[in-house]
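Everything below concerns the one structure shown next.
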There are 2 protein chains.
Amino acid sequence: MSPQEQPVKEQRRTRQRAAVDEVLDETEDFISAQDLHAILRTRGMSVGLATVYRTLQTLADDGRVDVLRTAGGEAAYRRCARDEHHHHMVCRSCGATVEIAGPAVERWTNSVAKEHGYVDVSHTLEIFGTCPRCAAQSGGPAGR
Amino acid sequence: MSPQEQPVKEQRRTRQRAAVDEVLDETEDFISAQDLHAILRTRGMSVGLATVYRTLQTLADDGRVDVLRTAGGEAAYRRCARDEHHHHMVCRSCGATVEIAGPAVERWTNSVAKEHGYVDVSHTLEIFGTCPRCAAQSGGPAGR
DNA sequence: GACCTTTTGACAATGGTTGTCATGCTACAT
DNA sequence: ATGTAGCATGACAACCATTGTCAAAAGGTC
């Protein structure tokens with residue numbers, strides 16, 4: 001309902017944005033602005049921290065990357081493979097991410113919203129767990 | 001699986017904790033540590049900000065309050081009415097909160113997790129929208 | 001190349017949250 | 001009631017992610 005279709009404001013192509021884009025392309029899992037900045041530094045491509053923040057924010061606003069708040073309150077970004085709305089299941093130890101679509105959940109949230117008269121609803125849903133690989137490593141039984 | 005049942009560490013009862021508890025009891029919606037601290041000040045019950053943070057954190061650790069990260073990354077707390085796992089639908093403008101239980105969602109997340117071999121899963125789900133009252137006020141049609 | 005805008009970057013500023021540590025208070029034993 | 005031990009408190013500094021500032025640099029155009 002009312003999906004303000006701003007055709008994504010035209011932007012200039014700069015070395016810095018290309019660099020951020022590149023890292024996002026190569027990175028499978030969620031990454032924080034700070035980490036991304038650190039990686040750029042490592043590669044010798046010096047980009048201002050503020051610029052990284054601005055670039056990621058712009059990408060997020062345009063829906064070209066997914067944003068996720070970690071438990072610590074930091075923002076993490078990730079290039080989304082699919083355009084439609086979807087969610088993520090993230091591994092607590094290695095960060096491996098699985099994109100998941102849940103039509104059922106979408107329907108459910110909508111019905112709940114309608115039931116209570118809420119309009120213009122959105123929602124966030126993230127699943128955290130331990131992926132098979134990490135589970136296998138850190139000892140099967142004897143949790144910790 | 002391994003629900004580390006720490007019987008809630010015994011704690012001393014202090015004036016400050018009682019004060020925080022009281023505010024939580026009276027507050028229907030999510031409230032940030034800062035706001036809670038401000039309220040205490042208003043009432044003349046001076047409690048250190050650090051103490052408010054510590055108290056809320058402890059309560060959250062013990063599962064006696066729900067924690068929610070706002071879009072801005074701030075933590076908001078709320079006494080949960082029900083003990084079992086549940087979610088919230090929060091109004092963007094007035095903060096009115098509805099507690100909702102979604103057995104279907106729980107089952108869905110579990111099946112998704114199992115499907116991908118993830119174990120020890122947890123999840124966060126929050127719904128944001130505009131409650132009927134606020135929707136009525138801020139003009140029906142002509143969004144903004 | 002000249003020109004106008006957008007973008008960048010270094011750094012300050014902000015704002016929430018946590019750490020520090022001397023002092024205060026609770027709980028419990030005397 | 002008094003003493004005692006140790007957790008709790010509070011004032012403030014320290015942190016850390018993020019945002020604001022603004023002059024200098026780069027992109028796009030003519």
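Each chain gets a letter, A, B and so on, in the order its sequence line appears, and its residues count up from 1. Remember, it's a predicted structure, so these values are computed and weren't measured experimentally.
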Test ring-ring contact (aromatic ring centres under 6.0 Å, His included) applied to A:His88 and A:Phe30, A:Tyr77, A:Phe128, the passing residue = A:Phe30
Atom-to-atom span, CD of A:Gln16 to C1' of D:dA26 - whole angstrom = 9 Å
Base, sugar-phosphate alone, or nothing: which one does A:Arg13 contact when heavy atoms must sit under 4.0 Å apart?
-> sugar-phosphate
Please state whether the base of C:dG19 and the side chain of B:Arg54 form at least one donor-acceptor pair under 3.5 Å?
-> no
Sugar-phosphate only, base, or nothing, as touched by A:Gln34 at under 4.0 Å among non-hydrogen atoms | base
Report yes if some heavy atom in the side chain of B:Arg69 is under 4.5 Å from a heavy atom in the side chain of B:Thr124; otherwise report no.
-> no
Does A:Leu68 offer a backbone N or O that forms a donor-acceptor pair with the side chain of A:Glu126 under 3.5 Å?
-> no
Mind calculating the distance between CG (B:Asp35) and P (C:dG16) to the nearest angstrom?
-> 9 Å
Apart from A:Leu125 itself, what residues make up its hydrophobic cluster, given side-chain heavy atom links below 4.5 Å?
-> A:Met89, A:Val98, A:Ile100, A:Val105, A:Trp108, A:Val112, A:Tyr118, A:Val121, A:Ile127, B:Met89, B:Val98, B:Ile100, B:Val105, B:Trp108, B:Val112, B:Tyr118, B:Val121, B:Leu125, B:Ile127
Spacing of A:Ile31 atom CD1 relative to D:dA17 atom C1', expressed in whole Å = 15 Å
Side-chain N or O of A:Thr14 less than 4.0 angstrom from OP1 or OP2 on C:dT8?
-> yes
Earlier contact from the 5' end, DNA chain C, for A:Leu49 and B:Ser32 = A:Leu49
B:Arg15 atom CZ is separated from D:dA8 atom C1', nearest whole Å, by 12 Å
Using atom CD of A:Gln11 as one end and atom P of C:dT5 as the other, report the distance to the nearest whole Å.
-> 18 Å
Ignoring the backbone of A:Ala50, work out which of C:dT5, C:dT17, C:dG9 is nearest its side chain.
-> C:dG9
Closest nucleotide among C:dT17, D:dT18, D:dG27 to the B:Tyr53 side chain | C:dT17
Do you know which of A:Arg78, A:His86, A:Arg82 makes side-chain hydrogen bond (donor to acceptor under 3.5 Å, both in side chains) with A:Asp66?
-> A:His86
Rounded distance (Å) that lies between atom C1' of D:dA17 and atom CD of A:Gln57 = 12 Å
What integer distance in Å separates B:Arg41:CZ from D:dT9:C1'?
-> 15 Å
Spacing of A:Arg12 atom CZ relative to C:dT8 atom P, expressed in whole Å | 10 Å
Which part of the nucleic acid, if any, lies within contact of B:Ser46, taking any heavy atom under 4.0 Å across all strands shown: a base, the sugar-phosphate backbone alone, or nothing?
-> sugar-phosphate
Is the base of D:dG27 touched by the side chain of A:Arg17 through a donor-acceptor pair closer than 3.5 angstrom?
-> no
